[in-house]
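Excluded from the calculations below are hydrogen atoms, water molecules and symmetry mates; all remaining heavy atoms, backbone and side chain alike, are included.
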Amino acid sequence: MENRIAETLKILTETDKEACETVHVSENEPITNKKRLFIESYGCQMNFADSEIVASVMREAGFATTSDAENADLVFLNTCAIRDNAEQRVRTRLKQLNVYKKKKPGMLIGVLGCMAERLKAKLLEEEKMVDIVTGPDAYRDLPRLVEEAETGQKGVNVFLSREETYADISPVRLNSNGITALISIMRGCDNMCSFCVVPYTRGRERSRDPQSIIKEAQDLFNDGYKEVTLLGQNVDSYKYADPNNKSEIFSFAKLLEQVALISPELRVRFSTSHPKDITDEVLYTIKKYDNICKYIHLPAQSGNSRVLEIMNRTYTREWYLERIDSIRRILGDECGISHDMIAGFCTETEEEHQDSLSLLEYVRFDFGYMFSYSERPGTPAAKKFTDDIPADIKQRRLAEIIEVQQRISTERNKKLIGTIQRVLVEGTSKRSEADFSGRSDQNKVVIFPRENFKKGDYVNVLITDTTSATLRGKAVIEEEIIQLA
């Protein structure tokens with residue numbers, strides 16, 4: 001019974017938000033006579049995958065999820081600390097939740113994830129806004145922490161593990177479209193980029209047992225899912241050594257292949273790649289299997305080698321462009337590529353900003369996640385450098401980056417008019433019940449009339465119109481494809 005319920009769980013998504021400010025909220029689980037758990041997740045896909053682990057752990061402890069924060073028994077905010085405004089947003093939300101708590105004194109409030117370690121003292125003792133603070137490696141401990149909090153104590157565990165991967169926990173699929181699912185293949189990060197808090201909030205890098213990943217993907221396919229995304233802070237550095245044979249290393253390319261071999265009807269994506277680690281072996285693996293999506297998210301962060309050096313990105317502009325050239329050489333111009341770019345990093349000159357713009361022009365990314373630099377306390381950049389670019393200059397540079405990227409995105413999309421894209425139907429369009437929405441191989445959103453198709457179908461769509469963000473078209477059958485050819 002509970003397995004069927006897991007399949008019906010839904011996630012509510014606030015749309016049109018920046019990537020690291022997206023919010024996912026748990027929806028009502030149709031179980032009675034259980035305490036109600038409300039989970040609100042901020043940030044990246046890794047956070048959303050973690051919330052699925054939390055939901056599974058708390059289900060075993062007797063909780064069922066709800067979308068009603070005001071009447072929940074237990075509220076968790078799974079937080080993002082990448083940017084300052086994401087953090088401020090969580091603080092504002094905590095104030096709202098404490099109003100609910102005054103009306104319902106038995107309610108417990110917890111902060112999970114990346115904000116936990118840095119803000120635990122403020123949130124627990126100074127501001128007294130929460131009852132529980134838990135880091136990303138301590139989710140197994142949540143039932144005990146909740147029991148402690150129920151007695152009036154504060155439940156705290158922000159211990160970072162070198163071993164925890166949650167490989168044995170079957171996540172409750174909060175992303176309940178029943179078609180796409182996230183699979184965490186590794187945790188933590190060893191890259192130590194100077195602007196980033198992730199190594200301090202998520203700990204050192206460790207890879208999950210490949211057989212548990214393959215089994216999870218197989219189980220998802222058996223349950224009707226048609227697409228999985230393999231997640232890691234840096235998936236290309238995935239490597240697993242069998243404890244019984246440490247000389248045999250299971251690489252990311254091999255893992256990607258094994259998941260692809262589950263079925264040609266199971267589409268495989270992955271995120272995020274790091275320019276220093278993505279290998280030709282991975283690219284040739286993508287080329288070999290039609291069901292591995294021809295799309296790569298390859299953060300650049302800057303187009304200037306000096307700025308990249310003080311960011312501690314461990315590659316140069318030239319290295320990055322060589323990797324782009326390899327992608328184009330092996331996978332062709334049709335491979336979708338997206339990026340992250342930071343405007344106004346410490347000491348960035350106007351000429352160095354122009355290097356970022358010229359990188360966009362050279363690569364011709366399909367889309368990107370673009371931000372002005374936001375200093376994060378405790379990072380090497382905050383300790384070593386002065387955040388010396390005025391806010392108005394940061395915003396102007398960011399606007400220029402966005403303008404160039406939107407133009408290129410539109411041009412890239414227009415080239416697809418008249419082509420046929422294979423689209424996996426994920427659900428109805430947000431704007432019209434008469435249309436379906438899905439994504440192409442290159443991760444582009446495609447809208448087309450529903451006709452007699454259903455969620456989970458692969459549909460060949462002739463592209464007839466585009467914007468910078470969306471493709472529109474109509475479904476075509478095999479006979480029409482032959483005629484068009």
Side-chain angles (χ1 to χ4, degrees), residues 3-4 6-9 45 49 52 170-171 173-185 210-231 235 252-271 282-297 331-332 334-336 416 419-429 436-463 471 473-482 485:
N3 285 338
R4 290 199 299 274
E7 292 170 9
T8 66
L9 283 176
Q45 288 180 311
E52 294 179 342
S170 179
R173 297 294 166 184
L174 297 175
N175 177 13
S176 67
N177 64 10
I179 306 302
T180 63
L182 306 172
I183 300 178
S184 177
I185 67 169
Q211 296 310 316
S212 71
I213 298 167
I214 295 163
K215 181 182 184 302
E216 185 173 338
Q218 179 70 65
D219 289 346
L220 285 164
F221 181 69
N222 293 346
D223 288 342
Y225 285 81
K226 293 292 187 71
E227 178 182 294
V228 294
T229 299
L230 308 181
L231 288 181
V235 290
F252 179 61
K254 187 172 181 181
L255 176 68
L256 198 55
E257 179 173 55
Q258 290 300 305
V259 175
L261 285 169
I262 288 171
S263 170
E265 291 298 300
L266 178 67
R267 215 154 63 160
V268 185
R269 298 188 186 275
F270 59 90
S271 187
V282 169
L283 300 180
Y284 280 114
T285 302
I286 297 170
K287 182 178 181 179
K288 183 177 178 181
Y289 295 95
D290 289 340
N291 59 324
I292 302 178
C293 292
K294 308 304 183 285
Y295 162 72
I296 297 170
H297 182 61
L331 297 174
E334 66 272 16
C335 179
L416 296 174
T419 67
I420 294 168
Q421 302 294 316
R422 191 170 189 243
V423 177
L424 175 60
V425 180
E426 296 180 16
T428 55
S429 166
F436 264 141
S437 174
R439 284 178 298 157
S440 70
D441 200 47
Q442 293 77 23
N443 205 32
K444 294 177 186 285
V445 174
V446 183
I447 308 296
F448 61 97
R450 291 180 66 147
E451 299 183 30
N452 295 319
F453 301 108
K454 62 184 185 300
K455 237 179 22 168
D457 284 346
Y458 288 103
V459 180
N460 291 313
V461 178
L462 173 66
I463 304 305
L471 308 179
K474 61 178 184 178
V476 290
I477 58 175
E478 252 183 70
E479 290 82 353
E480 291 174 307
I481 294 173
I482 294 168

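- Nearest heavy atoms, L331 versus L283: CD2-O, 3.5 Å.
- Rounded to the nearest 0.5 Å, atoms SG (C335) and CD (Q442) are 7.5 Å apart.
- Here the straight-line distance linking atom CG of L255 with atom CD1 of I213 works out to 5.0 Å at 0.5 Å rounding.
- A salt bridge links E257 to K288: one of the charged nitrogens lies within less than 4.0 Å of a carboxylate oxygen.
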Worked verdict on L416 versus K444 for side-chain contact (heavy atoms from CB on, under 4.5 Å): CA-CA 11 Å; L416 296 174; K444 294 177 186 285; 3.6 Å; yes
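- Side chain of K294 to backbone of I292: a donor-acceptor contact under 3.5 angstrom is found.
- At least one side-chain heavy atom of S271 sits under 4.5 Å from a side-chain heavy atom of Q45.
- Side chains of F270 and I286 form a contact here, defined as non-hydrogen atoms less than 4.5 Å apart.
- Minimum heavy-atom separation, K226 to G456: NZ-O, 2.7 Å.
- When all heavy atoms of K455 and N177 are compared, the pair lying nearest together is NZ-O, 3.0 Å.
- The ring-ring contact (aromatic ring centres under 6.0 Å, His included) check on F448 picks up nothing, with sequence neighbours excluded.
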Worked verdict on L230 versus L256 for side-chain contact (heavy atoms from CB on, under 4.5 Å): CA-CA 8 Å; L230 308 181; L256 198 55; 4.0 Å; yes
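- Between I183 and L220 the shortest side-chain heavy-atom distance falls below 4.5 Å.
- Here the shortest heavy-atom pairing between G473 and P449 reads O-CD, 3.3 Å.
- Around CG of D290, the count of heavy atoms belonging to other residues, nucleotides or ligands within 6.0 Å does not exceed 12.
- The line from CD of E52 to OG of S170 is 10.0 Å long, rounded to the nearest 0.5 Å.
- Using a 4.5 Å heavy-atom cutoff, the side chains of I185 and V235 are in contact.
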Identify each donor-acceptor pair in which a side-chain atom of residues 260-269 lies under 3.5 Å from a protein atom, sequence neighbours left out, and give them as a table.
unit_1, atom_1, unit_2, atom_2, d
S263, OG, E265, N, 3.0
R267, NE, E227, OE1, 3.1
R267, NH1, R439, O, 3.4
R267, NH2, E227, OE1, 3.2
R267, NH2, R439, O, 2.8
R269, NE, E227, OE1, 3.4
R269, NE, E227, OE2, 3.2
R269, NH1, D441, O, 3.2
R269, NH2, S440, O, 2.8

Residues V423, F436; criterion side-chain contact (heavy atoms from CB on, under 4.5 Å); working and verdict: CA-CA 10 Å; V423 177; F436 264 141; over 6 Å; no
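- Of all heavy-atom pairs spanning A475 and V459, the tightest one is CB-CG1, 3.6 Å.
- Distance check: I447 CD1 to S437 OG gives 3.5 Å after rounding to the nearest 0.5 Å.
- How far CG of D457 is from CD of E426: 12.5 Å, rounded to the nearest 0.5 Å.
- Between the CD1 atom of I179 and the OH atom of Y225 there is a distance of 8.5 Å, given to the nearest 0.5 Å.
- A49 and L182 make their closest contact through N-CD1, 4.0 Å (heavy atoms, listed as atom of the first residue, atom of the second, distance).
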